[in-house]
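Worth knowing before you read on, the calculation uses all heavy atoms, side chains too, and leaves out hydrogens, waters and symmetry mates. Just so you know, ligand 1 is whichever comes first in the structure, and atom 1 is the first atom listed for that ligand.
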Amino acid sequence: MNRKTLIAPSVLSADFSRLGEEVEDIVGAGADWVHLDVMDGHFVPNITFGPQVIKSIRNRTEAIFDCHLMIAPADDYLGAFADAGCDFITVHAEAGAHLDRSLQTIRNLGKKAGVSLNPSTAETVIEYVLDRLDLVLLMTVNPGFGGQAFIPSVVEKTRRLKALIGNRPIHIEIDGGVTPETAPLVAAAGADVLVAGSAIFRGNGKVAYAHNIAAIRSAADNARQYEAA
Ligand code: DX5
Ligand code: ZN
């Protein structure tokens, strides 16, 4: 996997009344991916947006759309999120009984397939679907809200996941409570994609966002170099 850390701002912390401009601003500020948190008020205790909103901002950028589905069931909606222009579609292992089938469906739609694990879910649930995965997202908060505190036990879990993945081309993404202080912990443990909402959408517009993205990126990249040395 590429050594450079990819930064995926979560639009959950954006100004939704200006979502299109916010997406342009974070990409202009150096974001690698755009992280889209879809919540259903059932799998998680919050509701955000669906495929129609994603489709409406798709033409604002060519950046990767990284769609994190916190919905149950997910299978019935995978086609709609593919049509909306998502590049990665990630389902929660806890959201359905047939993870293998969900991942096959995503790949058959021509999209990159991801699985997300809540903090209390063991990393070993991916052992028999490794060949179907492009990304594993480890939650470092309980999903549902931005601005929560990072759960430190997931650092060791990241290390174990990295060992399980070996040299397969599977991204390890971390989501929740990522800041310049916590980013080095997970980067050194093997994460290569970092999601951040409240730590990036702070201050007003592109200049502030660029500063916030750069702070997380350099903290993470330094930790990875340190690990490699
Ligand atoms: C939480 C979402 C996260 C959230 C992260 O359920 O999956 O993507 O937006 O927000 P921060 O970075 O503020 O913890
Ligand atoms: Zn997310």
Would Asn118 and Ser120 count as having a side-chain donor-acceptor pair, cut-off 3.5 Å? no
For the residue pair Asn108 and Gln104, confirm or rule out a side-chain donor-acceptor distance under 3.5 Å. no
Of all the non-hydrogen atoms in the protein, which one sits nearest to [atom], and at what distance?
| atom | result |
| --- | --- |
| atom 6 (O) of ligand 1 | Gly144 N, 2.8 Å |
| atom 12 (O) of ligand 1 | Gly197 N, 2.7 Å |
| atom 13 (O) of ligand 1 | Ser198 OG, 2.5 Å |
| atom 14 (O) of ligand 1 | Gly177 N, 2.8 Å |
| atom 1 (C) of ligand 1 | Phe145 O, 3.6 Å |
| atom 5 (C) of ligand 1 | Asp175 OD1, 3.6 Å |

For ligand 1, which atoms sit closer than 4.0 Å to a heavy atom of [X]?
| X | result |
| --- | --- |
| Ala196 | 12 (O) |
| Met70 | 6 (O), 7 (O) |
| His35 | 8 (O) |
| His68 | 7 (O) |
| Ser10 | 8 (O), 9 (O) |
| Met39 | 6 (O) |
| Val195 | 8 (O) |
| Gly146 | 10 (O), 13 (O) |

Hey, are [X] and [Y] close enough for a salt bridge, meaning a charged N less than 4.0 Å from a carboxylate O?
| X | Y | value |
| --- | --- | --- |
| Asp66 | Lys112 | no |
| Arg107 | Asp134 | yes |
| Arg132 | Asp100 | yes |
| Asp32 | Lys4 | yes |
| Lys157 | Glu123 | no |

Which of the N/O/S atoms in [X] sits closest to the Zn ion (ligand 2)?
| X | value |
| --- | --- |
| His35 | NE2 |
| Asp37 | OD1 |
| Asp175 | OD2 |
| His68 | ND1 |

Contact with ligand 1 for Phe150, non-hydrogen, under 4.0 angstrom: no
Does the residue Ala199 have a heavy-atom contact with ligand 1, meaning some pair of atoms that are separated by less than 4.0 Å? no
So which bit of Pro143 gets within less than 4.0 Å of ligand 1, heavy atoms only: side chain, backbone, both or neither? both
Just so I know, are the side chains of [X] and [Y] near enough to count as touching, which here means a heavy-atom distance under 4.5 Å?
| X | Y | answer |
| --- | --- | --- |
| Lys111 | Cys86 | no |
| Leu135 | Thr90 | yes |
| Glu173 | Leu194 | no |
| Leu78 | Val91 | yes |
| His171 | Leu6 | yes |

For the 3.5 Å polar cut-off, considering only N or O atoms, please tell me whether Gly147 and ligand 1 meet it. yes
List the steps, then state whether side-chain hydrogen bond (donor to acceptor under 3.5 Å, both in side chains) holds for His35 with Asp37. CA-CA 7 Å; His35 186 79; Asp37 286 309; 2.9 Å; yes
